[in-house]
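Working notes, beginning with the structure itself.
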Amino acid sequence: MSGDHVQSAERAGTEAAGAALTGAEAPFLELLSRGASADAYEQPVLLARAEGRPAEAIAALEHAKLLALRVRAELEGRRRREAELSALFETAHDLAGLRDLDSVLQAIVQRARSLLGTDVAYLSLNDPDRGDTYMRVTEGSVAARFQQLRLGMGEGLGGLVAQTARPYVTDDYFEDGRFQHTNTIDTGVRDEGLVAILGVPLMLGHHVIGVLFAADRRARVFEREQIALLGSFAALAAAAIDSANMLAETRSALAGLERANEIIRDRSGVIERASDVHDRLTELVLRGGGVHDVAAAVSQVLDGTVEFTEAADAPPVPLETSRAEGHAVRHEDDWIAAVTAGGELLGALVLRGHPGLDPVDQLTLERAAMVTSLLLLARRSAAEAEQRVRGELLDDLLDARDRDPRLLRERASRLHADLDATHVVLAARLDAVAQDADQEAEARRRLWSAASHLAATRHGLAAARDGGTVLVLPLTAGDSATELAGRTARQLGTAVHEAVTVGASGPLRDLAAQADAVAAAYAEGRRCLEALRLLGRSGDGAAAEDFGFLGLLLAGDRDIAGFVDRTIGEVVAYDARRGTDLVRTLDAYFTCGMSPARTKDALHVHVNTVAQRLERVGRLLGDDWQSPARTLEIQLALRLHRLSAQHSPP
């Protein structure tokens, strides 16, 4: 057969099928018009087969049936989406005119149940005060116990939804092990007869505030579209709750404003006093008054006693509350207003014996605290300039070789420092290791600032140097370099809220006249600092006099712990394992001039006990342990071990 004949035959077949299809569509169009069920679309095909129609006609009917079913499914989907959109629109309309939150939530749950075709729909909300969640709205529920459920956080399918902020669905609740089952929840679900449950989160921002559920009393698979629809209703429910909360907050704010207006109207005299104190504080700032001038002015206006106190001297709890809230806080019969600047706590204004403070007077106290912070910042700026001058003078004392003692004394005099007095040079360093260069620089700046403040109050000098800080402080009568070092370590550590180790030199006089004395004393202080760190006494303070001849040995990077372990480590370990006193016996033996008789008196034991212990020491340390060279090493190791043990943390 030629190509032309084939094409002609195909066209004829297509035209015949088209004609047959046109006739086949009629019964299905009639079924579509009256909205028949899907089963009814099989009847025209079955009837054609029963009548013995040609295969082409039956094929055309099959094809028309499939097309009609697709059209029917599309129409059903459109009607369903139309119903869903209509329900969402109605819910959004209810939300726009929100008057009663319960009514809006009830409508949301009802529509969700209707559109998803479930037996039950319900909504739970979290209760932050009680730390659990509770049933807020139910629709279709018949069990009283289920309607009154209160669930712990993280329990049941709802707990899984709340934890993950994602929808979860279970075809069979009691067979699902993905979430935590509890007797309370399972009993309530069993009373209600629920089997398949779908839950979606109610979100406000990134926080889950509750869960919206749809559930059936039979096994069921929820489609993706149904999950998305319930999620849309959950979003509307969350918006309704948020709107109701904002409405309540607005009403509360309006009520507060009304009360404030009443107070203002009733207390015009208090407002005049507030205006008066404002004028006084402004005048104080303009003429360069101090914090005590502010306290005196506010005392007159408030008819009470107002004092400025350092942060360490104020009651910590009300002070921190005032700092966090930004308002004055009552403490017993007093009022405390934190003085802050940029998040830093500078002190407090305290109104004594005035418990009945009205809101406007409270605001006056708070305003005075703000003015006080401005004055303190101004004073700090001046102090920082003075600190730089003090640092430059100390740098010249440490580095300059051709300096003029007379000029150095004059510069020190302007800073109220006396270079002819007895001083101690101290090296201070932070012990904490910073995570990065910026944090390390900030930590060093805080240490320098604290040291400069301490130097200014003690009429001394301070400067940043060698990754830490060097201070030159006067030594008062009856004080010692050791006491000054320990006190300085504590004061600096408190100021920067970190451990600070301080090493001190011996007393030094006439700083201006001795060219290299200050630099040498600083080197001595640094050796003491390194000794403290090697001995594990970080955060402590000490002078060279504390170490005796060890002060000449402890420098550089010597491995003190390794030396002790190599020399008497076996004895220390034996005591640790057996609970014996070999180390103490060995120490007493050398203290008593290596005399067993005197050693037994010092230890209050029998001489045979001493002999047995020394024999054990010999087996641990070797037969030559009493040779002169070994005894020197052992005595040094014993002393280092004792020093480290005295200052190790409990």
Side-chain angles (χ1 to χ4, degrees), residues 249-384 449 453 495 497:
E249 291 174 0
T250 302
R251 288 170 177 167
S252 176
L254 288 174
L257 288 175
E258 290 177 0
R259 289 194 297 271
N261 287 332
E262 291 176 0
I263 293 173
I264 292 173
R265 286 193 298 268
D266 295 340
R267 303 299 302 276
S268 59
V270 176
I271 296 175
E272 291 178 2
R273 292 205 308 273
S275 177
D276 180 38
V277 76
H278 175 75
D279 293 340
R280 293 191 184 190
L281 294 178
T282 302
E283 182 184 356
L284 281 174
V285 173
L286 293 176
R287 64 181 175 86
V291 293
H292 297 292
D293 296 326
V294 173
V298 179
S299 297
Q300 293 178 3
V301 174
L302 299 183
D303 193 22
T305 302
V306 177
E307 299 175 352
F308 173 77
T309 64
E310 299 290 342
D313 299 329
V317 174
L319 178 62
E320 185 58 34
T321 303
S322 175
R323 174 188 184 180
E325 297 179 355
H327 297 291
V329 175
R330 180 176 172 179
H331 175 62
E332 298 177 353
D333 290 339
D334 302 337
W335 283 83
I336 297 175
V339 177
T340 62
E344 181 182 0
L345 188 60
L346 304 177
L349 283 185
V350 181
L351 175 60
R352 306 286 186 188
H354 208 309
L357 196 64
D358 60 56
V360 178
D361 285 345
Q362 179 181 343
L363 182 60
T364 297
L365 184 62
E366 294 166 1
R367 184 179 299 165
M370 184 183 302
V371 172
T372 301
S373 70
L374 294 175
L375 293 176
L376 288 174
L377 286 177
R379 189 174 69 180
R380 173 182 290 182
S381 297
E384 289 178 352
S449 178
H453 177 72
H497 305 292

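Index from 1, following the sequence.
Distance CD/E307 to CG/D313: 11.0 Å, rounded to 0.5 Å. T321 OG1 to H331 NE2: the interatomic distance, rounded to the nearest 0.5 Å, is 10.5 Å.
For A328, the side chain to side chain contact (heavy atoms under 4.5 Å, CB included) test picks out W335, A337, Q362, L365, E366, with sequence neighbours left out. Legend: residues meeting side chain to side chain contact (heavy atoms under 4.5 Å, CB included) with A314, ordered by chain and number and at least two apart, are T309, L319, A348.
Heavy atoms only, all atoms of each residue included: E310 and L346 are closest at OE1-O, 4.1 Å. Closest heavy-atom contact between I336 and P318: CD1-CG, 3.9 Å.
Remark: the backbone N or O of E332 is paired with a side-chain donor or acceptor of R330 at under 3.5 angstrom. With S322 contributing its side chain and V329 its backbone, the two residues share no donor-acceptor pair below 3.5 Å. In this structure, T340 contributes its side chain and L345 its backbone to no donor-acceptor pair below 3.5 Å.
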